[in-house]
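Quick caveat, the model's predicted, so the values are computed rather than measured. Heavy atoms only: backbone and side chains are in, while hydrogens, waters and symmetry mates are out.
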Protein chains: 2
Amino acid sequence: MAHGHQHGSPQQQGPFPLPGVSNIIAIGSGKGGVGKTTVAVNLAVALAKMGYKTGLLDADIYGPNVPLMMNTNQQPRVLTENLIEPLQNFGVKVISVGLLNPGDKPLVWRGPMLHSIIRQFLQQVVWGELDYLVVDLPPGTGDVVISLFQTVPLTGAVVVSTPSDVSLQDGRKAIEMFRTARVDVLGLVENMSHFVCPHCHQEIDIFSKGGVERTAREFAVPFLGTSPHAKSLYDFAKQVIMRVAEVKSSAPGGNILQVQ
Amino acid sequence: MAHGHQHGSPQQQGPFPLPGVSNIIAIGSGKGGVGKTTVAVNLAVALAKMGYKTGLLDADIYGPNVPLMMNTNQQPRVLTENLIEPLQNFGVKVISVGLLNPGDKPLVWRGPMLHSIIRQFLQQVVWGELDYLVVDLPPGTGDVVISLFQTVPLTGAVVVSTPSDVSLQDGRKAIEMFRTARVDVLGLVENMSHFVCPHCHQEIDIFSKGGVERTAREFAVPFLGTSPHAKSLYDFAKQVIMRVAEVKSSAPGGNILQVQ
């Protein structure tokens with residue numbers, strides 16, 4: 001990075017660890033509408049219920065759906081020095097642009113504004129001590145993810161996909177993006193793999209179940225399971241924790257743009 | 001716009017009509033994964049089958065799924081003066097970043113690169129004479145849509161949503177965005193409103209059917225129907241054509257950033 005070594009200058013960029021935050025885990029997908037936010041919310045709540053100090057950062061600026069799913073809808077308090085106090089529900093600290101800009105007015109913003117808000121959400125929110133900060137990424141491989149990579153070192157990423165062709169097509173791009181940025185892919189999650197008819201209770205294979213597991217094998221990354229809801233939720237969270245431990249013990253790590 | 005009146009200068013921006021292209025229709029959604037590309041592809045193919053000269057521009061740079069759905073996968077030919085020849089299938093001329101960058105490597109690009117490619121897809125692709133150019137937008141309200149608004153005047157936009165809360169939340173933002181840019185909303189389409197069980201053939205109300213129609217009433221925009229597949233496809237295309245005629249006859253029009 002151009003300014004990576006200008007420590008102390010205003011152009012100083014990072015990535016630098018967030019003080020007090022042990023692990024930052026991104027939930028990505030490539031494609032929208034595959035259940036990324038559902039997985040992020042469920043993972044964060046499961047981690048909190050297991051006793052870990054957990055935060056959830058909604059990085060989807062144009063479609064911030066975390067507040068609706070987390071049932072948080074107050075305006076966050078702004079403290080002195082422009083620090084923002086996150087909301088809290090289900091034991092999880094939450095920040096989202098949907099809290100700061102509620103209602104139907106869209107934020108029609110170009111990339112540099114996205115960069116500013118992501119830095120602000122990381123550095124000016126009073127996260128305090130966290131074992132896990134879960135980041136719900138927007139679809140795509142653009143400004144938000146680049147800014148995230150450049151601002152903080154990530155512990156790893158979970159990639160969510162449905163087994164449909166189009167979802168897998170974009171999911172593979174997400175895996176490649178994390179690899180290029182040297183972010184460990186903790187694993188793949190298959191969402192909407194099947195559906196049980198409420199009338200006849202037979203299983204309906206909406207897309208073609210198993211496609212995500214095959215993709216995981218193809219890319220040699222762990223498969224974390226299908227639709228981590230209901231009873232499998234804690235298993236899912238435990239697998240993520242185990243994978244984080246593996247990743248941290250195995251390699252010196254460091255994302256591609258990390259300055260150490 | 002800052003440079004709007006510097007005609008002839010290199011900074012000259014637009015929006016300016018595309019020579020030979022009668023109507024440009026954007027298909028947007030706010031949220032990803034709601035069937036936007038499916039609607040865009042079906043509309044384009046229906047228009048072509050009805051005898052209209054039709055093009056389809058895939059503006060989803062990070063998740064270009066149009067080639068998969070249109071079954072187009074060759075590299076487009078680059079002619080002299082950097083002009084690009086679109087591919088053609090089902091009678092529709094097609095361009096997509098997925099044709100220029102096939103495979104799993106993601107384009108990890110910030111906003112200015114998106115701006116360049118959108119302008120290039122509009123101005124350097126040999127569209128020829130078109131009755132309709134259908135633009136499949138990416139999710140969100142960022143660089144791609146801003147660049148589109150600034151480059152060409154749009155005839156109107158179709159907004160796609162599922163009846164789920166989160167999809168409607170983002171769909172309302174998309175309507176507001178088009179309104180702010182003075183782009184006529186031709187209507188709303190409800191996708192995935194219900195599902196018929198292949199085993200017992202009963203109808204399953206996955207989300208809550210009717211939510212998009214209610215939203216259309218709330219915003220006083222036409223409701224174009226549910227899941228425009230199969231036999232309703234031509235009806236859908238006809239409705240869009242009718243709405244385009246209404247919009248063009250009713251007002252002087254012009255998008256917010258248009259220079260005339």
Q. Listed by chain and number, what are the side-chain contact (heavy atoms from CB on, under 4.5 Å) partners of B:F90, not counting sequence neighbours?
A.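 Here the qualifying residues are B:V45, B:M70.
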Q | Any residue meeting side-chain contact (heavy atoms from CB on, under 4.5 Å) with A:R214, in chain and number order, not counting sequence neighbours | A |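 Expected list: A:R217.
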Contacting moiety of [X], where chain B heavy atoms sit under 4.5 Å:
| X | result |
| --- | --- |
| A:M69 | side chain |
| A:S29 | neither |
| A:F178 | neither |

Using a 4.5 angstrom heavy-atom cutoff, name the option from [options] with the most pairs to chain A.
| options | answer |
| --- | --- |
| B:S167, B:A174, B:G142 | B:G142 |
| B:R179, B:K31, B:Q169 | B:Q169 |
| B:I61, B:V108, B:T37 | B:V108 |
| B:P106, B:G33, B:G111 | B:P106 |

Are any non-hydrogen side-chain atoms of [X] and [Y] less than 4.5 angstrom apart?
| X | Y | value |
| --- | --- | --- |
| A:K173 | B:P64 | yes |
| B:N65 | A:D165 | no |
| B:S147 | A:R110 | yes |

(Q) For A:T141, give me all partners under side chain to side chain donor-acceptor pair (under 3.5 Å), at least two apart in sequence or on another chain. (A)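 Partners of A:T141 under the side chain to side chain donor-acceptor pair (under 3.5 Å) test: none.
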Q | chain B neighbours within residues 92-101 of chain A, where any heavy atom lies under 4.5 Å away | A |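 From residues 92-101 of chain A, the residues near chain B are A:N101.
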For chain B, the option from [options] that forms the most heavy-atom pairs under 4.5 Å:
| options | result |
| --- | --- |
| A:L107, A:V34, A:D60 | A:L107 |
| A:S164, A:G140, A:G32 | A:G32 |
| A:M113, A:K105, A:Q202 | A:Q202 |

Q: Can you see which heavy atom on B:D104 is nearest to which on A:E176, and at what distance?
A: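 Minimum heavy-atom contact is O-CG, 3.5 Å.
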Q: Over all heavy atoms of both residues, which pair between A:V166 and B:L68 is shortest? Give the atoms and the distance, please.
A: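 Taking every non-hydrogen atom into account, CG1-CD2, 3.6 Å.
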Q) How long is the span from the NE2 atom in B:H199 to the NE2 atom in A:H199, to the nearest 0.5 Å? A)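 Nearest 0.5 Å value for the NE2-NE2 distance: 13.0 Å.
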